[in-house]
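Here, residue 1 is the first one in the sequence, and each next residue gets the next number.
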Amino acid sequence: MAFPLLTLTAAVPALGAVATAAVPAGRRTAAKWLALAFSLATLALAAVQLVRFDPDAKGPFQLTESHAWIADFGVRYELGVDGIAVVLIALAALLIPFIMLAGWHDADPQESGSSRWRPTQGFFALILMVEAMVVISFEATDVFLFYIFFEAMLIPMYFLIGGFGDGAAGNGDAGAAAQRSYAAVKFLLYNLVGGLIMLAAVIGLYAVTADQLGSGTFSLQEIVQARAAGKLDIATTTERALFLGFFFAFAVKAPLWPLHTWLPNAMGEATAPVAVLITAVVDKVGTFAMLRFCLQLFPEASKWATPVIVVLALISILYGALLAVGQRDIKRLVAYASISHFGFIVLGIFAMTSQGQSGATLYMVNHGISTAALMLVAGFLISRRGSRLIADYGGVQKVAPVLAGTFLVGGLATLSLPGLAPFVSEFLVLVGTFSRYPAAGIVATLGIVLAALYVLVLYQRTMTGPVKEEVRGMPDLRARELAVVAPLIALLLVLGVYPKPVTEILDPAVRHTMSQVHQADPKPDVNDVEAAK
């Protein structure tokens with residue numbers, strides 16, 4: 001039997017969560033180092049996956065594992081990775097150690113007399129549990145197995161938002177506690193509703209396969225192969241209904257307008273590291289699942305829904321950017337900016353062109369890195385001043401130049417400045433969209449203009465101008481904080497200049513997805529070519 005590398009990559013953080021939670025209460029520092037060690041071990045396993053993955057290999061999935069699980073219901077423990085999954089696993093594994101280092105003191109005991117219990121071990125154990133569930137969600141090729149972990153990750157995220165949010169140390173502020181609780185419950189309810197609708201679609205898919213194949217199955221590969229061989233013919237109305245059930249859940253997770261409203265609350269009330277965990281790691285499962293399940297299981301329904309989804313993506317781009325411009329809260333500004341960026345990702349996926357989907361998959365990676373850089377530096381800034389309001393800052397670059405400089409680079413990456421990683425992916429999305437939907441491509445470019453506005457205005461109001469008295473004694477980045485930010489900025493620079501190592505892994509999976517939905521890139525108009533000559 002082949003070495004179960006995929007299982008091990010998901011099992012290590014899960015075991016780490018159990019081990020960290022079991023550390024005695026008085027040994028908080030030991031618990032932190034233990035959790036960090038398990039996250040680094042997971043990163044090493046993700047690196048092994050990348051090394052063993054062959055972009056030129058035939059077949060959709062590699063490093064596969066398949067075992068009987070609930071045989072009576074056609075459920076199997078099936079894992080496999082394509083180029084998109086293996087890169088996103090590497091992204092998650094890379095970001096988790098930085099998230100832990102950035103949140104090193106977020107669950108420390110507060111001043112004596114505080115009434116709020118701070119279980120440090122629980123905080124780091126929950127982060128590792130989320131990582132385990134995200135990794136296996138990227139690896140699962142059985143629809144039911146994917147669904148279980150897609151939903152299960154909501155539980156640790158609920159406690160991370162509600163129990164360890166901003167001001168979670170507790171200063172007797174009942175209003176802050178109520179806001180954290182509201183954000184956590186809203187996050188949970190939105191995603192649970194999406195998950196319940198998806199569950200109905202999952203059951204419907206099983207019923208269809210049982211009716212036509214003789215025995216029901218949840219295996220993605222079996223369903224795709226049966227459809228290709230003509231053994232499984234899903235009626236048009238049924239396919240569209242099933243597609244909508246899956247897409248609704250993924251759109252909530254993504255998040256796509258108008259199902260996005262939980263994100264600003266969750267990111268605003270969570271600590272900065274947990275906010276990064278939400279938008280840079282967990283939310284990627286939604287857009288990834290659109291590519292793996294929506295497009296491959298329901299190709300005709302995906303093409304049928306494309307015009308509406310493109311419009312929703314455009315609204316997300318402009319709506320998120322416009323609301324980011326008007327924000328007074330730093331973390332909510334980044335949250336609305338992420339809604340805009342996820343609009344670009346969904347637009348690239350459903351542009352149904354190789355450039356658009358390559359850009360969308362690369363955007364998932366680049367957005368994760370750029371948002372982590374910006375939000376974590378913003379978290380360091382907020383922890384020093386004790387306020388998320390933009391108006392409470394001014395002149396920071398004069399007292400903390402390194403902090404201001406890293407904040408600027410993270411902001412410039414967010415607005416997709418040429419030379420930084422997100423530019424390449426955003427450019428590919430726009431080119432791919434314009435080649436099939438010129439009007440949509442033109443409208444989407446307005447998001448770039450608005451991004452420049454909200455990022456530069458944010459920097460101007462917080463970092464430049466006269467030094468406010470409250471920030472005059474603000475310390476610059478410390479060694480631990482530099483260790484978090486410097487590698488992320490280095491990655492933004494390297495991938496901005498040379499993204500080829502990542503695109504070489506992603507592109508074969510994109511081509512496979514395009515073949516599954518029977519789409520080819522639009523050919524240039526002959527009259528336009530002649531006119532250009």
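Between Val457 and Val325, the closest side-chain pair of non-hydrogen atoms is not below 4.5 Å. A 4.5 Å side-chain heavy-atom check between Thr361 and Asp507 finds every atom pair outside the cut-off. Using a 4.5 Å heavy-atom cutoff, the side chains of Arg472 and Lys398 are not in contact. A 4.5 Å side-chain heavy-atom check between Phe350 and Met290 finds at least one atom pair inside the cut-off.
How far CZ of Arg28 is from CD of Gln121: 6.0 Å, rounded to the nearest 0.5 Å. To the nearest 0.5 Å, atom OG1 of residue Thr464 and atom CD of residue Gln397 are 6.0 Å apart. To the nearest 0.5 angstrom, Leu322 atom CG is 5.0 Å from Leu450 atom CG. From Ile345, atom CD1 reaches atom CD1 of Ile349 across 7.0 Å, with rounding to the nearest 0.5 Å. Considering NZ of Lys284 and OG of Ser137, their distance stands at 14.5 Å, rounded to 0.5 Å. Atom CG of Leu101 is separated from atom CG of Leu482 by 12.0 Å, given to the nearest 0.5 angstrom.
No donor-acceptor pair closer than 3.5 Å links the side chain of Arg180 to the backbone N or O of Ala270. With Ser358 contributing its side chain and Gln355 its backbone, the two residues share no donor-acceptor pair below 3.5 Å. The closest donor-acceptor contact from the side chain of Asp392 to the backbone of Ser387 lies at 3.5 Å or more, if one exists at all. Thr433 contributes no side-chain N or O that, together with a main-chain N or O of Gly441, makes up a donor-acceptor pair within less than 3.5 Å. For Asn265 (side chain) and Tyr182 (main-chain N/O), no donor-acceptor pair under 3.5 Å exists by modelled atom type. Under the 3.5 Å distance criterion, the side-chain polar atoms of Thr371 are left unmatched by any main-chain donor or acceptor of Gly368. Under a 3.5 Å cut-off, the side chain of Thr353 and the backbone N or O of Gly432 do form a donor-acceptor pair. Side-chain atoms of Trp262 come within 3.5 Å of backbone atoms of Val252 as a donor-acceptor pair (strictly under, hydrogens ignored). Within the 3.5 Å criterion, the main-chain N or O of Tyr336 finds no donor-acceptor partner in the side chain of His341. For the pair Thr406 (side chain) and Leu403 (backbone), a donor-acceptor distance under 3.5 Å is present.
No more than 12 heavy-atom neighbours from other residues, nucleotides or ligands sit within 6.0 angstrom of CZ on Phe434. Crowding of Gln460 atom CD: a count of heavy atoms from other residues, nucleotides or ligands under 6.0 Å not exceeding 12. Counted within 6.0 Å of CZ on Arg27, heavy atoms from surrounding residues, nucleotides or ligands total 12 or fewer; the atom is thus considered open. Atom CZ of Arg385 sits in a crowded spot, with more than 12 heavy atoms from other residues, nucleotides or ligands closer than 6.0 Å.
Taking all atoms of both residues into account, the shortest heavy-atom contact from Val429 to Phe344 is CG1-O, 3.4 Å. Taking all atoms of both residues into account, the shortest heavy-atom contact from Leu412 to Val455 is N-CG1, 4.2 Å. The shortest heavy-atom contact between Gly379 and Ala272 is CA-CB, 3.5 Å. Listed here is the closest heavy atom pair of Thr20 and Ala125: CG2-N, 4.0 Å. In terms of heavy-atom proximity, Leu91 sits nearest to Ala280 at CD2-O, 3.9 Å. When every heavy atom of Lys468 is checked against every heavy atom of Tyr393, the shortest pair comes out as CE-O, 3.6 Å.
Between Tyr454 and Tyr459, the gap from one ring centroid to the other reaches at least 6.0 Å. Between Tyr363 and Phe342, the gap from one ring centroid to the other reaches at least 6.0 Å.
For the residue pair Thr9/Gln49, the side-chain donor-acceptor check at 3.5 Å is satisfied. Of the N and O atoms on the side chains of Ser338 and Thr279, at least one donor lies less than 3.5 Å from an acceptor on the other residue.
Tested against Arg292 for a side chain to side chain contact (heavy atoms under 4.5 Å, CB included), the candidates Val285, Ile84, Asp82 yield a single pass: Asp82.
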inquiry  = Quick one, Tyr190 with Thr261, criterion side chain to side chain donor-acceptor pair (under 3.5 Å). Give me CA distance, side-chain angles, the key distance, then yes/no.
reply    = CA-CA 9 Å; Tyr190 266 66; Thr261 59; 2.7 Å; yes
task = Verify side chain to side chain contact (heavy atoms under 4.5 Å, CB included) between Leu95 and Leu488, making sure each step is shown before the conclusion.
result = CA-CA 9 Å; Leu95 291 180; Leu488 296 175; 3.9 Å; yes
query = What's the verdict on ring-ring contact (aromatic ring centres under 6.0 Å, His included) for Phe138 and Phe288, showing C-alpha distance, side-chain angles and the deciding distance?
reply = CA-CA 8 Å; Phe138 288 139; Phe288 164 80; 5.1 Å; yes
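A cation-pi arrangement is found for Lys253 relative to Phe150, the charged atom lying closer than 6.0 Å to the ring centre and inside a 45° cone about the ring normal.
A salt bridge links Glu481 with Arg384; the closest basic N to acidic carboxylate O contact falls under 4.0 Å. Between Arg388 and Glu269, at least one side-chain N (NZ, or NE/NH1/NH2) sits under 4.0 Å from a carboxylate O, which counts as a salt bridge.
Between Phe423 and Phe427, the ring-plane angle classifies as parallel under the 30° and 60° cut-offs.
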